[in-house]
Amino acid sequence: MITVTLTVNGQEETHSIEARETLADFLRERCNLTGTHLGCEHGACGACTVTINGLPARSCLTLAVMCEDRAVQTVEGTRGDPEMDLIRKHFHEAHGLQCGYCTPGMLLAARDILRRHKAPGEATIRKELSGHLCRCTGYVGIVEAIRRAGAELSDKS
Amino acid sequence: METTGDSWIGARVLRKEDERHLLGAGQFVGDVRMPGLRDIAFVRSPMAHAKLKGVTKPEGHEASVFTYEDLGPMKVLRTSPDMPTFHSAHYPALATDRVRFAGQPIAMCLASNRARAEDIADLVQVDLEELPAVVDVVDAMKPGTIKLHEDWPDNAYIHNTIDAGDMEAVAKIAAIKVKRRFKMNRQPSVSLECHAVLAYWDFRTGQLVVYFSTQGPHVMRIGIAEALGLQEYQVRVIAPDVGGGFGGKNRLMPEELAVAALAYKLKTPVRWLEDRREHLIASPHARDHYYELTAYADKDGMLLGVDGDVYVDAGAYPMWPTAAFMETSMSARNLPGPYQARNLRARTFTVATNKAPMGPYRGVGRPGACFAIERLMDEIAHELGIEPVELRRRNLVSSFPYETIGGMKLDTGDYHASLNAAADLIDLPAIRARQAKGELDGRRIGLGFAMYTEQSGHGTGEWVKRRGRIIPGYETATTRMGADGTVELLVGIQSHGQGMETTFAQIAAHELGLDPSKINVRHGDTSISPFGFGTFGSRSIVMGGGAAARSSRTLGEKLKKIGAHLLQCAAEETHLKDGQVHGPNGSVSIAEVARAANVRPDLLPQGIDPVLDVTMTYEPKESAGVFSYSTHGALIAVDPDTGAVELLDYVVAEDCGTMINPLVCDGQVQGGVAQGIGTALYEEIPFDDQGQPLATTFADYLMPGSMEIPNIRLAHIVTPALATEYGVKGMGEGGAIAPPAAIANALTDAFKDIRASFDETPLTPRRVIRALDAAKARVQTGEKP
C-alpha cells in the first residue's frame, strides 16, 4: 500500500492505496466523486475524463499514484464555474444529452475545446470530440451545444 | 419554455432530467454507496462449448468463491414463447454441467473491491472438456451437427413457415426475379453504462433491495422473486439513472440473478458492475440475421412477392422473460415493408449456436428485414433502370388502413409524402447532376434510400399472438396531487434517456392545466411506482403516456367537481387552465382545491371523497399497434481503391403521429440513426471457428464517433394515430432500422455501372472491396448479378 496525496477539486485528499489503483477508482470509491463515469476502462470512450493540472486526462488510464501533488478537477469541481455553467446551459438547450452517462466527460472535453479554439465550427468540434463516445444522441445536440457555447463565449470576450 | 398555443402537447419543453446529469449528480447503480459493499468478479468460460467437470476454489479463498450449488435452490424461470414447437433450455445463473459460449459465467468471487475479486477469479481452476463449437447458423441446422441442447431434435429453437398468397404462380409470371443473400452481423447493444446490479438485504423492511440498471424493474422483480422463492413483496427493484439500454437491459441476465441470490444468501451488500469486455462478450447480443431471398416484380417494377429463408442466430440460451424467437417472426412479417406486394413465403429458423444469447436491440427484427427488402427494391430498380425513388413511389401503400401480406395492420400515414420529403431534403436532382460530373478526388458518390414501418404500442391481442408468458398489453400511471396543488406522476415505465420525466409531465400538465414544473414524474422503483412492464418496443409514449393522460384526466374531473362546489357552479361549466379551475363567474386556484381535497375535508361537497390520487391503466383501442414510418436518405463518398466510405449527408423524413415534445423526438431519431450507422459500417463481433469472440475491446469493436456520424437532418410529417391518446405513435426504435439499408443502397448506387451488390453489414472497407472484386469478375465473365 502506498500513501498518496493529491488535490481534488481544491481539497487535499490523502489515502493509502494499492499502486495499481486508477485515478478513476480513487475519485469514485475513495473521494465518492461519482460524477466521473467509467464507460470502457481502456481509454476509448472518454466518459471518465477529468483534468490534471488543467489538462484533460482519462482517469481510467491514469494511476492515482501518478497524481501525487497534482491538482485534479472532476465535473463536480466545475459547479458554479461561469464558463462551465454556460456550456451546461447550451447542452440543456441543444438537447446535448439523453441518458447522461457520457455527459461529464463531454463537458470537460467541451471546455477544453473552447479554450483552444475561438468560436469553433462544426468540423473542428467533430474532430476535437472524436475521442468521446456517446451512444444516445448521435452527437448532433452535443456538437451544436459546443458551437453555441463557443459563439457566446467569443461574443463575451 | 416555448409552447404551442395553450397546450403542452407538442411543446419543445427543455428536459427536466438534464440538470442532475450536467452537474455530475446523476445516480447510476455504480454511484450507489453502501457501508460494507463488496464487489463481484465472475469466472467465465474460456471455451465456447465444453463439459464443465469441476470448479476448484483457491486455497484460503474458499469462502469468497461461489458456484451454482452455493447460491442455494433456485427455481428455473420459464421463458416465452409458450408454445409446444418452441424448444427452451435453462440458462442458469452460473453454469452447472456444461458451458455453451465463451464468456458464460461459471463462478463468482467476492472481495472488498473489484481488482481483488478479479485476483481471486484468476486463481479459480475450472475443469473443462472441450466439445466442438457450433458457430455458423446454416451449418448448425445440418444433420450430424452436435446439438447444444441434447433434448432438442436439432439446433433450432423453432422453425416456422409463412406462406401467404401464391408464390408458385408469381414465380411463373414475374418479369423480374432478383435473388440475393443478405447478412447482418452480430453485435451487442453497447449502452455506455454497462450492466450493473447492487443488492442487499434490508432488515427493516424485510426486503431484498436490488439496484438494477434495467429497462423494466417491475418485470425483473417478478423474475427475481420467482427464481429465489421469495414473496414478491420481499423484493424491491430500483432502476435509478440508467445509462442507456436500447433493449439490452430488458432481459434478466444470469449474472444479475446470481448477484441477487448472493445478497439474499449473505445478507450483506454486494454488487457487480459489468466491464466493457464482459459487455461485449456476454451481454445480450443482437442482429445476426442471414437471408436467402428472391424478389419477384413485374415489368413496371411492381413488387409481386418475396420468397426465401430467414435464419437468426439466437445464441446458446433463451433469455428471460422472452427468448429471441420474435426476431425471426418479426423479420419475416416485415419483409414486405411499406409495399403492396401480395405474396410472401418465408421459412424461418431461430437457431442455437455457441455464442452469447440473443436479446432485443433497438429495432429488433426490423433492421434485418428492412436491409433485405430495401436492398431488393433497389436491385429491382437497377434491373429495370428505374430511379429507386420512383420504384418506391409505384409500390408504396397509399390508402389506410392497409394490412400487408405480412399481417401488419398499417393504421395511418402518408408514405409518399415521407419519400418525397426525404428526396427533397437531400436534393435528389442535384446529387444526380453531381454524380454525372464525377469527383475530382476519384471517389464515387452514392445515394441510397430506405423506408420502413415501425409497429409500436401493440397491445394484448398482439402479444397473445406471440405467445408470451408475460403479456405487456397495458401500462399504469398514478396521478397524485398534494395539498399545495403540485403533482407526483408515478409511472410503471422506465426512462433511461428518452426524456419521459419531461414528456410525461407535459401530458399531466396538459390534462390538469398546470405548468410542467408543478409535476414530478417518478419511475423505476417497484416501491414507488405502480406496476408496469417498462420501456421497450417503442411502447412507452403510447402505453405509459396514455395511462398518464387517463389518470390525470380523471383527477382533473375531480378537481372540477370540487372547484365547482367552491365556485357555486356546475362541474360541466368549469375548465382547468393556468393552474385555476375556471367557472362562469370566477375561478379558484387548483392549489386551493387541492388543499380542500387533502387537508380540509370540511370544504368538500357531499359525496366527494377526500384525497387526490388516481391510478389508471391504459391500452390503446387497437391492439395491433400504430405504425410510425420514415424514409432515410444517405449520401456517401466511397474510395474504390480502399473501400472507405464517408457519409456526406443523412436525412430522415419521419412520421410518428403527434409529437408530445419535438425536441425529444428529434433526439430519438438522431440517436437511433447513429446506432444504425454503427450497424451499417462499423460494429461487429466476429467469431473464429472455435466460437471465440474476436472483438472484446473498443479497439477492435468500432463505435461510431463524432467524425463518423454526420449532421443528421430531419423532416417531420404528422399524421396522428386514430387509436391512441393525442394521436401519438411510438418512435424510439425507428432511427436504427433503416441506416444499414440506406447506406448499402448508396454503395450499390455508386457502383451501379458494374452492378456491385453490398449485402453484408458492417460494410467495412474489406467487404466493400470484396463486393467490387466480385462485381468486376462478373463483368468479365458476363455473368448476371
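Letters go in sequence order (proteins before strands), and every chain restarts at 1. Remember, predicted model here, so these are calculated numbers, not experimental data.
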Novice: Would you kindly say whether A:Gln98 and B:Glu17 are connected by a side-chain donor-acceptor distance under 3.5 Å?
Specialist: no
Novice: Do A:Arg20 and B:Asp119 sit within salt-bridge range, that is, some charged N less than 4.0 Å from a carboxylate O?
Specialist: yes
Novice: Between A:His95 and B:Arg15, is any pair of side-chain heavy atoms under 4.5 Å apart?
Specialist: yes
Novice: Within the 4.5 Å heavy-atom criterion, are B:Phe246 and A:Cys136 side-chain neighbours or not?
Specialist: yes
Novice: Is the backbone N or O of B:Phe698 less than 3.5 Å from a side-chain atom of A:His42, with the two atoms forming a donor-acceptor pair by type?
Specialist: yes
Novice: In terms of heavy-atom proximity below 4.5 Å to chain A, should B:Asp666 be classed as side chain, backbone, both, or neither?
Specialist: neither
Novice: Closest heavy-atom contact between B:Gly24 and A:Val75?
Specialist: CA-CG1, 3.6 Å
Novice: Checking heavy atoms, do the side chain of B:Val242, its backbone, both or neither come under 4.5 Å from chain A?
Specialist: backbone
Novice: Heavy-atom distance under 4.5 Å between the side chains of B:Asn711 and A:Tyr139, does that happen here?
Specialist: no
Novice: Do the side chains of A:Glu29 and B:Arg33 get close enough for a salt bridge, i.e. N-O under 4.0 angstrom?
Specialist: yes
Novice: Test salt bridge (charged side-chain N to carboxylate O under 4.0 Å, His left out) on A:Glu18 and B:Arg116 and set out the steps.
Specialist: CA-CA 10 Å; A:Glu18 288 182 67; B:Arg116 291 183 177 188; 2.9 Å; yes
Novice: Do side-chain atoms of A:Arg126 reach the backbone of B:Ser706 as a donor and acceptor pair under 3.5 angstrom?
Specialist: yes
Novice: Determine whether B:Leu22 and A:Leu97 make a side-chain contact, defined as any pair of heavy atoms from C-beta on separated by less than 4.5 Å.
Specialist: yes
Novice: Is there side-chain contact between A:Arg88 and B:Leu23, with heavy atoms separated by less than 4.5 Å?
Specialist: yes
Novice: Salt bridge or not between A:Arg28 and B:Asp31? Use side-chain N to carboxylate O under 4.0 Å.
Specialist: yes
Novice: Would a distance-only check, ignoring hydrogens and angles, find a side-chain to backbone donor-acceptor pair under 3.5 Å from A:Arg135 to B:Gly244?
Specialist: no
Novice: What part of B:Gln668 gets closer than 4.5 Å to chain A, counting heavy atoms only: side chain, backbone, both or neither?
Specialist: both
Novice: Is there a side-chain contact between A:Thr137 and B:Gln670 (heavy atoms, below 4.5 Å)?
Specialist: no
Novice: For the candidates B:Ala674, B:Gly245, B:Pro710, which exhibits the highest count of non-hydrogen atom pairs separated by less than 4.5 Å from chain A?
Specialist: B:Pro710
